[in-house]
Amino acid sequence: MPELPEVETVKNGLKPIIGSKLKGFIVHKDGWRKPVPVDKLTAQIGKPITDTYRRAKWPALVFEDGCLWMHLGMSGQIRLFNSDKNLPPLEKHDHIELFFEDGKVIRFKDERRFGIVAWTDHPYSEPPSSEKLGPEPFDPEWDDSYFYKQLSQYKTPIKPFIMNAKIVVGVGNIYASEALFLARISPLKPANTLTKHDAANLRGKIIQVLQAGIKGGGSTLKDHRMANGEIGDYQNSHTVYGKEGRPCVVCGTPIVKITQATRSTFYCPSCQSD
DNA sequence: CTAAATACCTGATGGC
DNA sequence: TGCCATCAGGTATTTA
């Protein structure tokens with residue numbers, strides 16, 4: 001599911017858990033890419049959630065002395081139930097359950113198990129990403145001159161470039177194609193060939209599509225769910241992603257699908273010509 | 001150092 | 001109906 005808008009939607013939907021104290025948990029299935037931090041979580045029993053948080057595509061439950069991260073991988077869902085009475089039956093890939101003293105329950109489901117459950121000491125710490133993460137797209141630190149300077153240093157095609165979390169976090173395969181379409185920039189264009197005007201334009205469109213995605217509750221292609229189980233809406237606003245062969249909404253030219261860095265890219269070869 | 005390829009895992013879909 | 005190949009929101013690790 002999860003690019004920035006989907007993770008932000010999940011994080012916001014988990015807000016009602018703030019103030020609830022952890023009562024216990026069950027790991028129905030372990031054997032993830034990283035082991036579930038059972039000892040760290042056990043140490044939090046009796047302690048309250050103080051906030052919910054997001055950094056890049058990592059959502060977290062914040063405790064007084066650390067963060068429980070639940071990265072959603074490609075197919076993860078985090079569901080919040082207000083009462084342990086009349087809980088729906090456990091589903092096949094509900095792998096972890098958190099129980100709270102007030103009866104609330106959080107279930108982490110992940111069919112493909114590309115997700116990661118991890119603990120870091122200190123609230124609002126950086127997530128356990130393997131590489132140092134770049135700036136948040138909505139952070140004023142990520143401005144036009146910073147972005148342009150980054151662009152000028154690499155010849156990587158712009159589409160995989162903006163998906164690189166070292167450059168800016170949160171942009172995944174859907175929103176990268178959508179932002180480039182709005183900016184009328186070819187996904188194949190080398191990063192260092194963008195002008196200052198292109199950079200400012202693209203930065204604005206990235207922010208625009210991410211904000212619109214959040215407003216729409218994220219894009220549900222298959223797995224994305226809000227914390228209350230509802231699907232997102234923003235897939236209905238996609239202009240190019242998944243639209244291969246369909247007419248461009250601007251000029252009518254059929255949308256083309258190509259592969260870049262092993263990922264599908266969709267674009268209008270007319271509006272987004274080199 | 002960068003950049004590209006591969007691996008991780010389950011399930012849906014389409015061709016034959 | 002079955003079997004095989006391909007593809008899917010991401011990222012950590014390996015290979016060049």
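Naming: A, B, ... by sequence-line order, numbering from 1 per chain.
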Exercise: do [X] and [Y] side chains pair donor with acceptor under 3.5 Å:
{"X": "A/Glu178", "Y": "A/Tyr267", "answer": "no"}
{"X": "A/Lys196", "Y": "A/Asn201", "answer": "no"}
{"X": "A/Lys11", "Y": "A/Thr52", "answer": "no"}

- [ ] Any chance you could list the contact pattern along nucleotides 3-11 of chain B? Use B for base contacts, S for sugar-phosphate-only contacts and - for none, protein heavy atoms under 4.0 Å, 5' to 3'.
- [x] S--B-BBBS
TODO: Could you list the residues that satisfy salt bridge (Lys or Arg N to Asp or Glu O under 4.0 Å) with A/Lys104, not counting sequence neighbours?
DONE: A/Asp102
Task: Which residues share a salt bridge (Lys or Arg N to Asp or Glu O under 4.0 Å) with A/Asp144, sequence neighbours left out - done: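 A/Arg203.
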Task: Runs of at least three Watson-Crick or G-U pairs with DNA chain C, cut-off 3.5 Å - done: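 DNA chain C stems, ordered by first number: B:2-8 with C:10-16, B:10-16 with C:2-8.
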Quantified in whole Å, what is the [atom1] atom distance between nucleotide [N] and nucleotide [M]?
{"N": "B/dC9", "M": "C/dT13", "atom1": "P", "result": "14 Å"}
{"N": "B/dT6", "M": "C/dT6", "atom1": "P", "result": "14 Å"}
{"N": "B/dA7", "M": "C/dA5", "atom1": "P", "result": "16 Å"}

Open item on the list: Using a 4.5 Å cut-off between side-chain heavy atoms of Ile, Leu, Val, Met, Phe, Trp and Tyr, which other residues end up in the same hydrophobic cluster as A/Leu133?
Closed with: A/Val169
Gap between atoms [atom1] and [atom2], on [X] and [N] respectively (whole Å):
{"X": "A/Lys166", "N": "C/dA12", "atom1": "NZ", "atom2": "C1'", "result": "13 Å"}
{"X": "A/Glu131", "N": "B/dC1", "atom1": "CD", "atom2": "P", "result": "11 Å"}
{"X": "A/Ile174", "N": "C/dC7", "atom1": "CD1", "atom2": "P", "result": "17 Å"}
{"X": "A/Leu221", "N": "B/dT13", "atom1": "CG", "atom2": "C1'", "result": "15 Å"}
{"X": "A/Glu244", "N": "C/dT6", "atom1": "CD", "atom2": "P", "result": "16 Å"}
{"X": "A/Trp32", "N": "C/dT13", "atom1": "CH2", "atom2": "P", "result": "17 Å"}
{"X": "A/His224", "N": "C/dG10", "atom1": "NE2", "atom2": "C1'", "result": "16 Å"}
{"X": "A/Arg263", "N": "C/dA8", "atom1": "CZ", "atom2": "C1'", "result": "9 Å"}

Open item on the list: Check this for me: does any side-chain nitrogen of one of A/Lys92 and A/Glu111 sit under 4.0 Å from a carboxylate oxygen of the other?
Closed with: no
- [ ] Go through the steps for A/Phe25 and A/Phe100 under the test ring pair (Phe, Tyr, Trp, His ring centres under 6.0 Å), then give the verdict.
- [x] CA-CA 9 Å; A/Phe25 64 93; A/Phe100 294 85; over 10 Å; no
Open item on the list: Considering every strand and a 4.0 Å limit on heavy-atom distances, what is the contact class for A/Tyr234: base, sugar-phosphate, or nothing?
Closed with: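 No contact at all - A/Tyr234 keeps every heavy atom at 4.0 Å or more from the nucleic acid.
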Open item on the list: Would you say that more than 12 heavy atoms from the other residues, nucleotides or ligands in this model lie under 6.0 Å from the NZ of A/Lys29, or not?
Closed with: no
Open item on the list: Counting only heavy atoms not in A/Lys189 (residues, nucleotides, ligands), do more than 12 fall under 6.0 Å from its NZ?
Closed with: yes
Open item on the list: Does anything in residues 181-193 of chain A come within less than 4.0 Å of DNA chain B? Heavy atoms only, and list the residues if so.
Closed with: none
- [ ] Go through the steps for A/Tyr124 and A/Asp51 under the test side-chain hydrogen bond (donor to acceptor under 3.5 Å, both in side chains), then give the verdict.
- [x] CA-CA 9 Å; A/Tyr124 311 107; A/Asp51 203 357; 2.6 Å; yes
Open item on the list: Under 6.0 Å between ring centres: does that hold for A/Tyr234 and A/Tyr175?
Closed with: yes
Open item on the list: Looking at A/Lys257, I'd like to know whether one of its side-chain N or O atoms comes within less than 4.0 Å of OP1 or OP2 on C/dA8.
Closed with: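 It does, given that an N or O in the side chain of A/Lys257 lies less than 4.0 Å from OP1 or OP2 of C/dA8.
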Task: A/Ser129, nearest nucleotide to its side chain (from B/dT2, C/dG10, C/dA12) - done: C/dA12
